[in-house]
Student: 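Here it is, the structure, as structure tokens.
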Amino acid sequence: MSQDGYTKNEMMIAASARTLAGERVCFVGVGLPNIVCNLAQRTVSPELQLVYEAGVFGARPQRLPLSIGDPTLVSGSTAVTSMFELFAFYLQAGLIDAAFLGGAQIDRFGNLNTTVIGDYAAPKVRLPGSGGACEIAIHARRILVIMRQATRSFVGDLDFQTSPGHSGDPAHDRARGWFGSGPTSVVTDLATFGFDEETGEMTLLTVHPGVTIDDVRANMGWDPRLSGSLGETPPPTEDELRLIRTQLDPQGMYTS
Amino acid sequence: MSQDGYTKNEMMIAASARTLAGERVCFVGVGLPNIVCNLAQRTVSPELQLVYEAGVFGARPQRLPLSIGDPTLVSGSTAVTSMFELFAFYLQAGLIDAAFLGGAQIDRFGNLNTTVIGDYAAPKVRLPGSGGACEIAIHARRILVIMRQATRSFVGDLDFQTSPGHSGDPAHDRARGWFGSGPTSVVTDLATFGFDEETGEMTLLTVHPGVTIDDVRANMGWDPRLSGSLGETPPPTEDELRLIRTQLDPQGMYTS
Amino acid sequence: MSGRVGGTSKTATMADAVGELVRDGDTVAIEGFTHLICFAAGHEIIRQRKRDLTLARMTPDVIYDQMIGAGVARKLIFSWLGNPGVGSLHAVRRRIEHADPEPLEIEEYSHFGMVCRYVAGASNLPFFPIRSYYESDIPSVNPNIKPMRSPYEDGTEVYVVPPLRPDVTIVHAQRATAAGDTQIWGLLGCQKEAAFAAERVIVVCEEVVDEAVVRRDPNRTVIPGIVVDAVVEQPFACHPSYAQGYYDRDNAFYLEWERISKDPEALERWLKEWVHGLEGHTEYVARMGDRWDGLMAGERLSGQVNYGDYS
Amino acid sequence: MSGRVGGTSKTATMADAVGELVRDGDTVAIEGFTHLICFAAGHEIIRQRKRDLTLARMTPDVIYDQMIGAGVARKLIFSWLGNPGVGSLHAVRRRIEHADPEPLEIEEYSHFGMVCRYVAGASNLPFFPIRSYYESDIPSVNPNIKPMRSPYEDGTEVYVVPPLRPDVTIVHAQRATAAGDTQIWGLLGCQKEAAFAAERVIVVCEEVVDEAVVRRDPNRTVIPGIVVDAVVEQPFACHPSYAQGYYDRDNAFYLEWERISKDPEALERWLKEWVHGLEGHTEYVARMGDRWDGLMAGERLSGQVNYGDYS
């Protein structure tokens, strides 16, 4: 809890939820993204439909889901689908408008590593791997990244590219013919970033209250491009904090 | 009704049912094949499992089904499957041991035409086409043919090959690597045929009671190869006739 | 989507749904394998005199014989062309065999090929591989069916079919919510795949039910509202086909159709009396009168399962 | 199939089913996406000290960390390697990162790639095309993932994955008949595809039910008896995973596992106490005692549908 009366996670959640304004169908896992999506549904994006990556539609969880396949997501939902149909008929078919990804490493073009730290054949740290991330990055129309920021995670060169972001060559990106357009926003515990229309490079948009640009610079592996309209992230509103604390994560499992 | 006290269809049904001895899983449509399979289940092949080509397993029809998708096949069955799974997971995967096919034309190697009489682009008669016949012929381990016999249907050359039978080159047939082995029997209103192990050619096995070899010859477009042990088809037994008339087709819709 | 069939509630009349979502020149799929064939939608398309449609269906059945006889279509994509268990589709045959009254372009596959075209369309795949068509003449009359080799050691030869993406798919269901969450039981055919493959989807149902009914049994949902554009409540819309648990197949009508379809004038009269002469399907149902008595389904309940309360 | 698990009734004890159907060196898939993960079968495989298994699973989860920690496997095929929402699978990581106590061969895909490997295996397809892996390093470390071009005009590039055909697939279900007709509700994962893809199939269930129960709702059947070799009635066999409508996921155990898995000796002790030290899962369930009190599911019924009486 910062002296401003909200936690870093609450700031990340509020800032991330705002990036979902106007989205229609969001692919969601548990943890922070689950809280972010449910907050967006109650604030900026009332029409938002959540598709849980275990294959559940229109979930009405009666408690905070503790796993992506929590049974409370299924009871009372509008539809359940097999993994094949979820990936083939929904994701690959372009029905998913937005999805959240994170990773152990991200580079300046939003490429993500969730596979390994060190050499693949002789790993320093073996990470979980792709899961659905690789195809989500390719097919979800907007990728929203939530990651805590550090020089070891915001790196110049990935040890392994699990999921593609922007290539750095906008002409190439346009020619891909994917539904996915690479990440459009990155929200960290220090700041929010977008990606430059032209170069596809990560661009610092706002720093969170009490954070300096130098703090941001000190916690990433390259000198970030700065937005022309660089500003401060609006802090969580009372309404956002009330929803998070009373409805979405009353035990503060993800937000304290 | 012949003077022997049974009809031509009853002879065909009884003779066909006997060819199912020992089979485990049979792909079945309505009409004669439905009655044949149900007769086999009650006589030579009690373990026979019927898979209706509309995607129904373990059907317990409470009345004679009048279409391949008759609702009476569904109520009380053990499983229903989508057409994709039926063709991909069952048929293409080799789970079907036996299936019935027929057609407007068959040649001496058991190739079948259900597509067109005359030229495809300017047909004399447009027939239904393949339906599932093409893949059934390729994947079902045994193909059983039931057809009324006539020179216009047992032909030297098909107008169109819808479903492959034997190629006439046994080495080629063995090299195909299909689950299907080409038709193994043909039952007509006059006789029963098998296929020669070596040449894959249709071979007259038995003629029905009261039918002569000349009758059979007079009703096909080539001079048939004769089995060394050519004999007479055993007529329907009293038990077979009782089952057909009292249980399987009491109204005589398919058997009179 | 226009106002009338848009919004959170997608409920619409058959006339509005067909009027706004089916356009001249469209590729239209009305699917349902024997079961749940939405004749009422086909009749509305005839009534609205749509033109130059490409009709796709595994088994064209009587419904496409009626539509093609009525002149709404220029092309047919199919895998089995007949009146199941009865005979031929004579209106279709007249056009194929004698260009009478005009030619009909055809594109044919096997059942498995058609199903996989829908799967490819639903999955946004550029092609779908199947083990079929070996030593068959079908690929020789349909260049869309191409041979391909496995890139793995085995080098197995398969054939591929292209995706089928209808402009409109129309499916019938026992029940759906106003938002389009659709539940079907009994034979499933390829409706799910055909719906996901389509640009626009019309769900016609026996009953529009409260969301709570669907939420009680989410595994029963076959098509989610997310892909549905319009929901039309039209009881008995499948006659002479059927809806499992609601009414039976009218096999007598399939037999009668053989005679009607054989005679162009009888077909004209039938269309005049049963389609053009009627406001819509509600009138058709009423006009059938006590023919329904023999078609109603008795009760045979599924039993319940427990999803569990996890609060 | 040997006598004990053969015949029309395929019911068997877990010990017999695993003893006869799981063989050293087999490729084994115990599937279930979060839901219906059959831990009891994994424990029996450990108890019987099977060796040199290749374990396949989209999400290896705690069950494969236990099995790999116990030394039954030489290779792992997967798409996401973690303790969902908690942390790592430390026994697996020790073997990958430090060959401790011995190396573990790995073969990895994305989720969609794994699912499609099962679909290809179930469908007897030599390969399955998907739109994934573009500009990813995954194909560079897995040569089984190959690029391919569409043979149609568009020439779209896809990647293909090879069929996965486990020697044995083990799935858990809420209920099945003695003949193996299996009904599942809640999350479906890829169990159906994994079962059809396998040479041998073991269905473990909460309840073996009378055929009449299944026949009341045939659309609920996910796996037909035709592909099932053994049916094992083993209530609570999924703990700490869950069975929708029967019991809840034991999230506390997943948290505890983080600590146990981190320490090889704690893992040894856990295996000794909860696997090797027990006769079987019935004893495991009893030993859990009142831990079950917090895990039982309340009632939330599906409602019934009418299939119709067509006699």
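A note on names: the letters A, B, ... follow the listed sequences, proteins ahead of strands, and every chain is numbered from 1.
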Student: Please enumerate all residues that pass salt bridge (Lys or Arg N to Asp or Glu O under 4.0 Å) together with Glu157(C), with sequence neighbours excluded.
Tutor: none
Student: Any residues in residues 204-211 of chain D near chain C, with a heavy-atom distance under 4.5 Å, and which are they?
Tutor: none
Student: Does the side chain of Arg220(C) reach to within under 4.5 Å of the side chain of Val305(D), using non-hydrogen atoms?
Tutor: yes
Student: Is Ala120(C) in contact with chain D via its backbone, its side chain, both, or neither, using a 4.5 Å heavy-atom distance?
Tutor: neither
Student: Does Asp309(D) use its side chain to pair, donor to acceptor, with the backbone of Glu299(C) at less than 3.5 Å?
Tutor: no
Student: Under 4.5 Å from any heavy atom of chain D, what part of Arg215(C) do you find: side chain, backbone, both or neither?
Tutor: neither
Student: Measure Pro218(D) against the heavy atoms of chain C and call it side chain, backbone, both or neither at under 4.5 Å.
Tutor: neither
Student: Is there any residue in residues 125-138 of chain D with a non-hydrogen atom under 4.5 Å from a non-hydrogen atom of chain C, and which ones are they?
Tutor: Leu125(D), Pro126(D), Phe127(D), Phe128(D), Pro129(D), Ile130(D), Arg131(D)
Student: Salt-bridge test for Asp217(C) and Arg300(D): reply yes if a basic N is under 4.0 Å from a carboxylate O, no otherwise.
Tutor: no
Student: Measure across Tyr152(C) and Val160(D) and return the closest heavy-atom pair with its distance rounded to 0.1 Å.
Tutor: OH-O, 3.0 Å
Student: Is it the backbone or the side chain of Arg249(C) that comes under 4.5 Å from a heavy atom of chain D, or both, or neither?
Tutor: neither
Student: Report the option among Thr156(D), Val161(D), Leu187(D) that has the most heavy-atom pairs separated by less than 4.5 Å from atoms of chain C.
Tutor: Val161(D)
Student: A side-chain contact here means heavy atoms from C-beta on lying under 4.5 Å apart; do Lys146(C) and Pro151(D) qualify?
Tutor: yes
Student: Give, as side chain, backbone, both or neither, the part of Val158(C) having an atom under 4.5 angstrom from any heavy atom of chain D.
Tutor: side chain
Student: For the CD1 atom of Ile184(C) and the CG atom of Asn219(D), what is their distance to the nearest 0.5 Å?
Tutor: 9.5 Å
Student: Work out which heavy atom in Met148(D) is nearest to a heavy atom in Arg149(C); give both atom names and the distance.
Tutor: CE-O, 4.0 Å
Student: Please look at Asp248(C) and chain D and tell me whether the side chain, the backbone, both or neither of the residue comes under 4.5 angstrom of a heavy atom of that chain.
Tutor: both
Student: Pick whichever of Leu188(D), Asn306(D), Asn144(D) has the most heavy-atom pairs under 4.5 Å with chain C.
Tutor: Asn306(D)
Student: Restricting to non-hydrogen atoms, name the atom on Gln304(C) and the atom on Gly303(D) that form the minimum distance, rounded to 0.1 Å.
Tutor: OE1-N, 2.6 Å
Student: Applying salt bridge (Lys or Arg N to Asp or Glu O under 4.0 Å), can you list everything that pairs with Asp61(C), at least two apart in sequence or on another chain?
Tutor: none
Student: Indicate the atoms forming the closest heavy-atom contact of Ala243(D) with Tyr310(C), along with that distance.
Tutor: O-OH, 3.6 Å
Student: Minimum heavy-atom separation for Gly186(C) to Tyr307(D), with atom names?
Tutor: N-CE2, 4.1 Å
Student: Under a 4.5 Å heavy-atom cutoff, which of Asp154(C), Asn124(C), Val213(C) has the most pairs with chain D?
Tutor: Asn124(C)
